[in-house]
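Keep in mind that this is a model prediction, so the values were computed, not measured. Chain letters run A, B, ... following the sequence lines, proteins first, then strands; residues in each count from 1. FYI, side chains are in, hydrogens and waters are out, and symmetry mates aren't considered; it's all heavy atoms of this structure.
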Protein chains: 2
Amino acid sequence: MTTRTDELHSADGGRVTITDVARSVGVSVATVSKVVNGRYGVAPSTIARVQAAIDELGYETSLVARSMRGQSTANIGVLVSEFESYSAELLKGISEAIAGTGYGLLAYAGRRDDVTESGWERRSLSRLARTLFDGAIVVTPSTLITGSFGIPIVAVDPHSGPEGPHTVDSDNRTGAHLATEHLLALGHRRIGLLGGRDDLESARMRETGWREALDAAGIAPDAALIRVVGYRADLAEQAARELLSMPAGERPTAIFAANDRSALPVLDVAAEFGIRVPEDLSVIGYDDIPEAATASPPLTTIAQPLHEMGSAALTMVLDLLHGRETERHLRLPTRLVERSTTGPAPAEA
Amino acid sequence: MTTRTDELHSADGGRVTITDVARSVGVSVATVSKVVNGRYGVAPSTIARVQAAIDELGYETSLVARSMRGQSTANIGVLVSEFESYSAELLKGISEAIAGTGYGLLAYAGRRDDVTESGWERRSLSRLARTLFDGAIVVTPSTLITGSFGIPIVAVDPHSGPEGPHTVDSDNRTGAHLATEHLLALGHRRIGLLGGRDDLESARMRETGWREALDAAGIAPDAALIRVVGYRADLAEQAARELLSMPAGERPTAIFAANDRSALPVLDVAAEFGIRVPEDLSVIGYDDIPEAATASPPLTTIAQPLHEMGSAALTMVLDLLHGRETERHLRLPTRLVERSTTGPAPAEA
DNA sequence: CTGTTAGCGCCTTCAA
DNA sequence: TTGAAGGCGCTAACAG
């Protein structure tokens, strides 16, 4: 233990650099570097002096400078467009799984205006890959990630199928089936759809599942009952207004929203319109984000195993990183979570 | 629009660097740099050729290299020890507030073993500050963050009071009062405490609030009913086993856990022991993380305005960054959320 | 055992 | 209008 005069710093309040340490001890930066990295060939007495100065000054090697030098960074990156419930749940799963691996986690969301332009995932990857992390997990990339970035990459809920990087997703088609059949079983016939981002495979599959289930029940999907809201709450609210403004006989008696984020506003609009849920209108979402359970009434939804998907993605990057065998595409199952927003179809007037 | 032959990359699968672009166009890197940064003094025709190459190759300037050169990075950092519900909620609030500011968000959790040693926040700050982000928010720092890192820093739920960096927290003492008084009002007299991390101001204040409320009711805190579990689920489970193993007349009829994470396991242990909640035992938590609402039975708790705390912290760093006036310490209110784990004290045998 | 040199990718003088 | 040179903090190879 040193006396810890504590943070003498390099005068001007900047960071303490390896140069500050070297100067303070009177050795070269190379020597300090060797001490820091435990390299052989430094006299014990020198080590002690350097170490003392390091403690004294509170020096810590810069992650950035080190990784620029071409080392491995011992960090895994997670690229998201935004920190919202969906990505946050994934992140929790990733974080749990990373414990004990010796890697740190770096989650990045670029500037919002940058992220709204398509291709943000490729840009972020270009800006950060290799230089900041050794492997990356990209959440809901809307663009096919082509080319190599020099590091292993895993996509969660990706843009598209077999080509492109390794992926983790859940069984969207079956999930949508489950949702629609649940509604059908309750006697609903006019089932509206709030479609997701059409640049995402998941959204397409959920729509497909919805169509197929309707077909199987001998119901033709009604174009008037479809709105593409891109997984977004604001567009969903707008769409809900339109749908619920329709005359009683034409209005859908149930709505399947392609994600919870877009299902939740439907509840608000219904309340505003005096439409009772689930008596007059059933609503079912997708994802099972935490807000689904706390909504009032609690939202019936299709649960994706978000934590598992996160930890599976992490395991996958790590496997790739260490040259181990991995599946190219991992698909996890979904399940119906019945809460309070779905009920028997109302008797027609 | 270029023809997008798409990602020709520099052969070996590494990143595309400014040098690759320069070579491909036949100009110097300096020129490319000027084009990228929109500096004056480049011939229009050259700009066009360089731009074409950039699009062609998919070049993106490296965040790391640029920031090493001493630029601002246009990123705000968030340092957490782990991505769990508490920090995730904060992150959502920060993320909402950052929209439209032109800043990106970089959340970092270091290697787990590194993080368990105290001082991780200072280390992470040293490793990343200045070089990776322009300002930082540190979540639950257990150590006083001293010295300057060359960037503005805001601590959320910090180690201690007035000294140190700017802080955002909530009114822990009043919150604990609220919790304890709620229990008291229900007739409870033997109220156990699952204390938090004693290196955190929040934990100390919650314990203080608990004591004060008991005092005010003329009840002497019983040392046998106190367990310090450091906000951790595993230790809380252990403590719950001990507490609930006590004979019926000595066992607490209610437990106040200093955070939800440690309250939740109590529910499990009670179920395992055949102790009914809330008939035989009342449990109240603190934080109101999403899991509190989905627990069974749903957990009564003290809600902290996590999203607001996050966005307030962000506003604060930004103010600091732009030299605007800010409060040094912002304290937000808490509120009681009654759910189903608290009820009247059982009649004594 | 220690220091010198070179270079990671980038940007900014300063000359040409 | 362009390019050469220097340096940000760090590490690795190579001299001494």
Inset, instruction - Decide yes or no on side-chain hydrogen bond (donor to acceptor under 3.5 Å, both in side chains) for Tyr231(A) and Ser202(A), but give the supporting numbers first. - result: CA-CA 11 Å; Tyr231(A) 286 160; Ser202(A) 62; 2.8 Å; yes
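With sequence neighbours excluded, no residue forms a side chain to side chain donor-acceptor pair (under 3.5 Å) with Ser126(B). With sequence neighbours excluded, the residues satisfying side chain to side chain donor-acceptor pair (under 3.5 Å) with Asp319(A) are Arg324(A). With sequence neighbours left out, the salt bridge (Lys or Arg N to Asp or Glu O under 4.0 Å) criterion links Glu84(A) to no other residue. With sequence neighbours left out, the side chain to side chain donor-acceptor pair (under 3.5 Å) criterion links Arg232(A) to Asp234(A). Scored by the side-chain contact (heavy atoms from CB on, under 4.5 Å) test, Val35(B) finds Val42(B), Ile47(B), Val50(B), Gln51(B) as partners (sequence neighbours excluded). When the salt bridge (Lys or Arg N to Asp or Glu O under 4.0 Å) test is applied to Arg112(B), the partners found at least two apart in sequence or on another chain are Glu82(B). Taking the side chain to side chain donor-acceptor pair (under 3.5 Å) definition, one finds that Tyr103(A) meets it with His322(A), sequence neighbours left out.
Between Ile54(A) and Val21(A), some side-chain heavy-atom pair lies under the 4.5 Å cut-off. Side-chain atoms of Leu105(A) and Tyr108(B), non-hydrogen and from C-beta on, never get closer than 4.5 Å to each other.
A donor atom on one side chain and an acceptor atom on the other are not found under 3.5 Å apart for Thr140(B) and Asp157(B).
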Inset, instruction - Would you mind building the protein contact string for nucleotides 8-16 of chain C? One character per nucleotide, 5' to 3', B for base within reach (heavy atoms under 4.0 Å), S for sugar-phosphate only, - for untouched. - result: BBBBB----
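End-to-end axis angle for the helix from dC1(C)-dG16(D) to dA16(C)-dT1(D), using five pairs per end and rounding to 10°, comes out at 50°.
For residues 90-99 of chain B, the side-chain hydrogen bond (donor to acceptor under 3.5 Å, both in side chains) pairs, not counting sequence neighbours, are Ser85(A)-Lys92(B), Glu89(B)-Lys92(B).
Boundaries of the chain B contact region on DNA chain D are dT1(D) to dG9(D), first to last in 5' to 3' order (nucleotide atom under 4.0 Å from a heavy atom).
A heavy atom lying under 4.0 Å from DNA chain D marks none of the residues of residues 41-49 of chain A.
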